[in-house]
2 protein chains.
Amino acid sequence: MVQENKAPAPEPSSQAKRALLEQFARVAKALAHPNRLELLEFLAQGERTVESLARAAGLSVANASQHLQQLKQAGLVASRRAGQHVRYRLADDDVVALMAALREVARRHLAEVDRIVEAYLAARDTLEPVPATDLLERIRRGEVTVLDVRPPEEYAAGHLPGAVNIPLEELERRLGELPRDREVVAYCRGPYCVLAWEAAGRLRERGIPARRLEGGLPEWRLAGLPVEVEKEGAGQG
Amino acid sequence: MVQENKAPAPEPSSQAKRALLEQFARVAKALAHPNRLELLEFLAQGERTVESLARAAGLSVANASQHLQQLKQAGLVASRRAGQHVRYRLADDDVVALMAALREVARRHLAEVDRIVEAYLAARDTLEPVPATDLLERIRRGEVTVLDVRPPEEYAAGHLPGAVNIPLEELERRLGELPRDREVVAYCRGPYCVLAWEAAGRLRERGIPARRLEGGLPEWRLAGLPVEVEKEGAGQG
DNA sequence: CATTTGTTCAACCGATCTCTTGAATGGTGC
DNA sequence: GCACCATTCAAGAGATCGGTTGAACAAATG
């Protein structure tokens with residue numbers, strides 16, 4: 001039934017409401033493309049140049065640059081010039097929290113996510129992951145070997161206390177570096193980063209007790225847990 | 001230096017990675033339009049029909065229905081038929097958390113948000129809002145009058161313990177209902193809902209001590225604080 | 001100052017999104 | 001079983017987005 005009354009109370013500053021909603025939508029829009037989400041995941045590991053990000057994400061440099069600028073305009077990332085390069089970084093840890101909330105909603109309400117995890121990730125490692133706080137306790141007791149399977153560049157930008165860095169592709173070759181009397185806990189970029197699943201699976205196939213950390217380095221850092229950083233040659237805080 | 005090596009390790013299941021990122025982007029895409037964000041804000045107050053939502057958001061019914069279906073496919077809302085109507089609701093409180101994270105990032109990193117708040121909202125009430133836990137304490141001590149300025153429909157779907165419901169447009173007329181010996185704390189739909197700012201401002205202009213609650217009903221509920229619900233005539237859990 | 005290297009800009013096309021309009025669907029209640 | 005009603009579907013116009021290409025720009029190097 002057509003209600004012939006005037007517009008339903010065009011509130012005083014519905015103008016403000018609209019303007020605010022547009023700002024929030026702007027942030028969401030920046031998150032609304034898989035390539036940008038992947039760039040954010042890389043940036044959550046630490047500062048990187050455009051070129052490095054483009055290579056990691058399999059994008060052309062121009063394309064990566066465009067996406068990064070969208071992220072920047074949405075306030076999700078920041079950049080600075082360092083020598084010849086422009087280095088991008090997450091604007092803040094609250095961006096990590098936002099991505100976590102996004103993943104959580106998707107995980108809980110999209111059956112497709114479960115399906116993908118079952119089909120691709122659970123095939124490599126079915127064990128439950130180790131919660132971060134449990135791991136910290138066991139690190140302090142020296143009961144565990146922490147294995148960082150990310151590329152050295154990301155390891156250098158920050159890693160778990162005492163973590164050993166063996167990128168996945170070198171794992172078989174460098175098995176000797178892992179003590180055999182302690183459980184290994186592997187981690188990488190985040191809760192769905194395949195590297196850690198794969199590493200845990202491969203290690204257990206070889207009889208080495210191994211599990212994944214629940215979440216990756218960004219989530220660990222977000223929880224306020226301690227992170228070690230290699231001192232950088234050109235770094236300046 | 002141009003690295004002429006082959007593609008940078010096209011990881012085993014970058015397929016899975018891609019598929020997951022697309023799912024996360026799907027959720028973000030659903031959030032990436034001001035109209036849908038507004039619908040979500042209404043839904044965060046409680047279950048509503050398509051028609052009611054369309055009217056509240058100033059959309060055509062067909063358009064509102066389309067947006068609601070996008071939200072549904074992204075797992076953000078759910079629906080059920082009730083008599084002749086279809087009633088939509090938030091899928092889960094984690095959606096409230098996601099929206100909170102989105103607003104937080106926008107607030108902290110988009111200068112435009114501050115500008116809008118300053119220009120439109122702070123003009124009505126400049127006092128700092130009351131944190132939810134503080135308010136609960138004062139409610140229990142009976143030290144405060146809690147004022148819900150949302151429409152009765154939203155009040156009925158859930159409100160703060162002991163809250164008085166006076167929609168903003170009736171505020172002047174019904175000032176007598178407010179005890180004059182206690183501070184009034186007004187709230188509405190969320191941290192940027194103008195109703196509470198306006199109400200607090202108008203009350204203080206009349207010499208009644210009044211402030212806003214920090215956040216609205218959805219944030220209060222998300223924090224696990226107690227909510228009162230009117231018993232509904234046709235409700236069935 | 002000229003060159004090199006890394007990043008950004010600008011223009012373009014195809015794909016996707018948004019809203020409108022008008023018709024179809026499918027429960028409900030009589 | 002029938003008519004009604006809220007909701008959904010379908011199609012189309014206009015706008016926005018996404019990726020490519022090639023040129024422009026900026027900082028460092030020699």
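We use all heavy atoms of the structure for the numbers below, so side chains are in, but hydrogens, waters and symmetry mates are not. Chain letters run A, B, ... following the sequence lines, proteins first and then strands; every chain starts at 1.
- Remark: B:R189 does not engage B:E41 in a salt bridge, criterion side-chain N to carboxylate O under 4.0 Å.
- A straight line from CZ of A:R80 to P of D:dA27 spans 15 Å, rounded to a whole angstrom.
- Looking only at atom types and distance, the side chain of A:R18 has no donor-acceptor partner in the side chain of A:Q15 under 3.5 Å away.
- Closest to the side chain of B:V50, from the set C:dG6, C:dT28, D:dT8, is D:dT8.
- Screening residues 34-73 of chain A for ring pair (Phe, Tyr, Trp, His ring centres under 6.0 Å), with sequence neighbours left out, gives A:H33-A:H67.
- In this structure, A:Q69 reaches the C:dC9 phosphate: one of its side-chain N or O atoms is under 4.0 Å from OP1 or OP2.
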List, with names and distances, any nitrogen or oxygen atoms from the protein found under 3.5 Å away from nitrogen or oxygen atoms belonging to nucleotides 13-18 of chain C.
from	atom 1	to	atom 2	distance (Å)
C:dT18	OP1	B:R36	NH2	3.2
C:dT18	OP2	B:R36	NH1	3.4
C:dT18	OP2	B:Q70	NE2	3.3

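- In terms of modelled atom types and a separation under 3.5 Å, the side chain of A:D93 and the main chain of A:L222 share no donor-acceptor contact.
- Nearest heavy atom pair, residue B:R26 against residue B:Q73, reads NH2-O, 3.0 Å.
- Considering only heavy atoms from C-beta on, B:R174 comes within 4.5 Å of B:P167 through its side chain.
- Here D:dC17 presents its C1' atom at 14 Å from CD of A:Q73, a figure rounded to the nearest Å.
- Here the shortest heavy-atom pairing between A:A30 and A:L76 reads CB-CD1, 3.6 Å.
- One atom, CG of B:L68, and another, P of C:dC19, lie 12 Å apart when rounded to the nearest Å.
- Taking only side-chain nitrogens and oxygens, A:Y88 comes nearer than 4.0 Å to OP1 or OP2 of C:dT8.
- In this structure, A:L71 places its CG atom 14 Å from C1' of D:dC17, rounding to the nearest Å.
- One interatomic measurement links the two molecules: CD of B:Q84 to C1' of D:dA6, which rounds to 7 Å at whole-angstrom precision.
- Between the C1' atom of C:dG27 and the CZ atom of B:R81 lies a distance of 5 Å, rounded to the nearest Å.
- To the nearest angstrom, P of D:dG19 lies 7 Å from CG of A:L59.
- Atom CD of A:E38 is separated from atom P of D:dG18 by 15 Å (rounded to the nearest Å).
- An OP1 or OP2 oxygen of D:dT7 is reached within less than 4.0 angstrom by a side-chain nitrogen or oxygen of B:H85.
- The shortest distance between the side-chain N/O atoms of A:S65 and the OP1/OP2 oxygens of C:dT7 is not below 4.0 Å.
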